[in-house]
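Structure first, then comments.
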Amino acid sequence: VIHLHREAQIKKLAEYKCDTNEAISLKLVRFPEDVDDESTTFHPEYSHQLYGDDEVAFGYKGLQIQLFYTAGNLSTLFKVKYSSKVTEVFDCVEPDDVEGKIREIVPAGFTCNTDDFISLLEKEANFMPFGTLLHTYTVHSEEAGELTYQIHKADITCPGFQEYHERLQTFLMWFIETASFIDADDDRWDFFLVFEKYNKDGETLYATVGYMTVYNYYVYPDKTRPRVSQMLILPPFQGEGHGAQLLEAVHRFYCSLPKVQDITAEDPSENYVKLRDYVLVKLCQGLPSFAADKLHLGFSEDMVKEAQEKLKINKKHARRVYEILRLRATDMSDEDKAREYRLEVKKRLFGPYRKNQRELAKMRKCLRPEELVSHMGQMDTQTQHEELEKSYQVVVEDYRRIIERIASQA
């Protein structure tokens, strides 16, 4: 009987577990009716930083965590609801402190009352984008026609920006796997923000679309190296080309500064690398050294120099641009040309393997035979060739997508 009772208890306790990615509802609100409109809700991709690797909260049934933001200023509504709590059934079981975890990342000044939140929407008409306008562009949407977007550069001295940034950066936790907050007080940070202009009762209002943070590193003796740290386009706006617009505007901004050496990124994700490839190819395709008739001659010093001087692109990135543009200019149905191209890319991909070979040669001198065997087994020549072929196929597939995207924009 006791055993059965225990099983029933365990089963009952399991009912008090909630998937935190589903429980958390996020919203960017423009109109009062958005608050109850399910179609404007989106959910985190990640919540492990707050709720552990299982992304589970224990102690509640029907848990709902609402984090709603006004579209522009990001004034915040934070509410926790549930249909029942574990303490109502089990007196000695503690529920997780769901609310406390969110309070750790959401800055003070939020409201817990929906009516108060709706009245904050009236102040949205006073919200103006921070900093200086760098670029304006339009996107055609099926439902709304032509939409206008603006990219602004801000820094921590802009009035009200520090508090706004604290609200904005909370989104990183839900959409970037390894996100961490930055020390925004450091004046070497630059912030780039994207806003959408929209109409409400005949007035023009601004909605936050996404942003990027860039840290200006010092390069001896008198240069700087801007390094992209974080970049996020908010989910309702993803897939509309804003990331490329933002990255291109940021590149153009730094290209206009004589003291900038080159532009890099900190620990870039695969998606960021693909985006950067696309933007850099777009920027470089007009440079004389990357002209179609020069590409089959190989990666040249001229390309390195021109990409560096005119567009602040480093050698490694310029090499990728060359490979993409050369693929575009190569007739891959011609076996000789295709083979030449394949060898050219594989030569670069083989670099790390060659380094391994050199390290193995060093190891041979100082390792005992039985130690060497365990290292030798890591990569025989056959496996190396297979790995290389696999890497090559992946690279070319990525390159083709970029070429198609550029063709579709033309």
For residues 394-410, run the donor-acceptor check on the side chains, cut-off 3.5 Å, and write out each pair with its distance to 0.1 Å, sequence neighbours left out.
| from | atom 1 | to | atom 2 | distance (Å) |
| --- | --- | --- | --- | --- |
| Tyr399 | OH | Glu323 | OE1 | 2.7 |
| Tyr399 | OH | Arg348 | NH2 | 3.3 |
| Ser408 | OG | Arg405 | O | 2.8 |

Problem set entry | Check: Asp185/Gln162 side-chain N/O donor and acceptor closer than 3.5 Å | yes
Seminar exercise, completed: Heavy atoms of Tyr272 and Leu247 approach each other most closely as OH-CD1, 3.4 Å
Exercise. Are Tyr254 and Thr224 linked by a side-chain donor-acceptor pair shorter than 3.5 Å?
Worked result: no
Exercise. Does Gln261 reach the main-chain N or O of Tyr218 with its side chain, forming a donor-acceptor pair under 3.5 Å?
Worked result: no
Problem set entry | Atom of Cys284, atom of Phe290 and distance for their closest heavy-atom approach | O-CB, 3.7 Å
Exercise. Hey, are Asn271 and Ser269 close enough side-chain-wise for a donor-acceptor pair under 3.5 Å?
Worked result: no
For this session: Take Lys197 and Glu146, measure what salt bridge (Lys or Arg N to Asp or Glu O under 4.0 Å) needs, and give me the verdict at the end.
Result: CA-CA 11 Å; Lys197 287 169 95 166; Glu146 289 284 298; over 6 Å; no
Problem set entry | Side-chain donor-acceptor contact under 3.5 Å, Lys337 with Thr330 | no
For this session: Please confirm whether the backbone N or O of Thr148 pairs with a side-chain atom of Thr138, one donor and one acceptor, at under 3.5 Å?
Result: no
Exercise. Within the side chain of Gln66, is there an N or O that forms a donor-acceptor pair under 3.5 Å with the backbone of Ile24?
Worked result: no
For this session: Hey, can you tell me if Tyr206 and Phe195 have their rings parallel, tilted or perpendicular (30° and 60° cut-offs)?
Result: perpendicular
Exercise. Looking only at atom types and distance, does a side-chain atom of Thr20 sit under 3.5 Å from a main-chain N or O of Glu55, one as donor and one as acceptor?
Worked result: yes
Exercise. Is it true that the side chains of Asn113 and Thr111 contain a donor and an acceptor less than 3.5 Å apart?
Worked result: no
Exercise. Do Asp302 and Ser300 have side-chain atoms, one donor and one acceptor, less than 3.5 Å apart?
Worked result: no
For this session: Determine yes or no for a side-chain-to-main-chain donor-acceptor pair under 3.5 angstrom, with Lys27 supplying the side chain and Asp34 the backbone.
Result: yes
Problem set entry | Lys/Arg-Asp/Glu bridge criterion (N-O < 4.0 Å) met for Lys312, Asp262 | no
Exercise. In Å and rounded to the nearest 0.5 Å, what is the OG to NZ distance from Ser289 to Lys310?
Worked result: 7.0 Å
For this session: Check the side chains of Arg188 and Tyr215 for a donor-acceptor pair under 3.5 angstrom, ignoring hydrogens and angles.
Result: yes
For this session: Not counting sequence neighbours, which residues clear salt bridge (charged side-chain N to carboxylate O under 4.0 Å, His left out) with Asp96? List them please.
Result: none
For this session: Under the salt bridge (charged side-chain N to carboxylate O under 4.0 Å, His left out) rule, collect the residues that match up with Glu309, sequence neighbours excluded.
Result: Lys305
For this session: Tell me yes or no: between the side chains of Arg276 and His317, is some donor less than 3.5 Å from an acceptor?
Result: yes
Problem set entry | Non-neighbouring partners of Lys223 that pass salt bridge (charged side-chain N to carboxylate O under 4.0 Å, His left out), sequence neighbours left out | none
For this session: Could you walk me through whether Glu389 and Lys346 pass salt bridge (Lys or Arg N to Asp or Glu O under 4.0 Å), step by step?
Result: CA-CA 8 Å; Glu389 181 57 32; Lys346 284 187 173 181; 2.4 Å; yes
Exercise. Below 4.0 angstrom, N of the basic side chain to O of the carboxylate: do Lys200 and Glu203 qualify?
Worked result: no
Exercise. For Ser75, does its backbone N or O pair with a side-chain atom of Thr70 as donor and acceptor, under 3.5 Å?
Worked result: yes
For this session: For the pair Asp334 (side chain) and Asp336 (backbone), establish whether a donor and an acceptor sit closer than 3.5 Å, ignoring hydrogens and angles.
Result: yes
Problem set entry | Pairs where residues 234-249 contributes a residue and the test side-chain hydrogen bond (donor to acceptor under 3.5 Å, both in side chains) is met, not counting sequence neighbours | His135-Gln245, Tyr137-His242, Glu240-His242, Glu248-Arg252, Glu248-Lys282
For this session: Compute both the distance and the angle, then confirm whether Arg30 meets the cation-pi test with Tyr198: under 6.0 Å from the six-membered ring centre, within 45 degrees of the axis.
Result: yes
Exercise. Is a side-chain N or O of Tyr51 found less than 3.5 angstrom from the main chain of Val98, in a donor-acceptor match?
Worked result: yes
Exercise. Do the charged groups of Lys79 and Glu99 touch, with an N to O distance under 4.0 Å?
Worked result: no
Exercise. Would the number of heavy atoms belonging to other residues, nucleotides or ligands and lying under 6.0 Å from NZ of Lys17 be above 12?
Worked result: no
Problem set entry | Between Glu387 and His385: side-chain donor-acceptor atoms closer than 3.5 Å | no
Problem set entry | Residue pair Ser47 / Asn21, side-chain donor-acceptor N/O under 3.5 Å | yes
Exercise. Taking only residues two or more places apart in sequence or in another chain, which ones pass salt bridge (charged side-chain N to carboxylate O under 4.0 Å, His left out) with Lys153?
Worked result: Asp190
Problem set entry | Any donor-acceptor N or O pair under 3.5 Å, side chains Arg167, Asn73 | yes
For this session: Take atom CD of Glu38 as the centre, draw a 6.0 Å sphere, and report whether it contains more than 12 heavy atoms from other residues, nucleotides or ligands.
Result: no
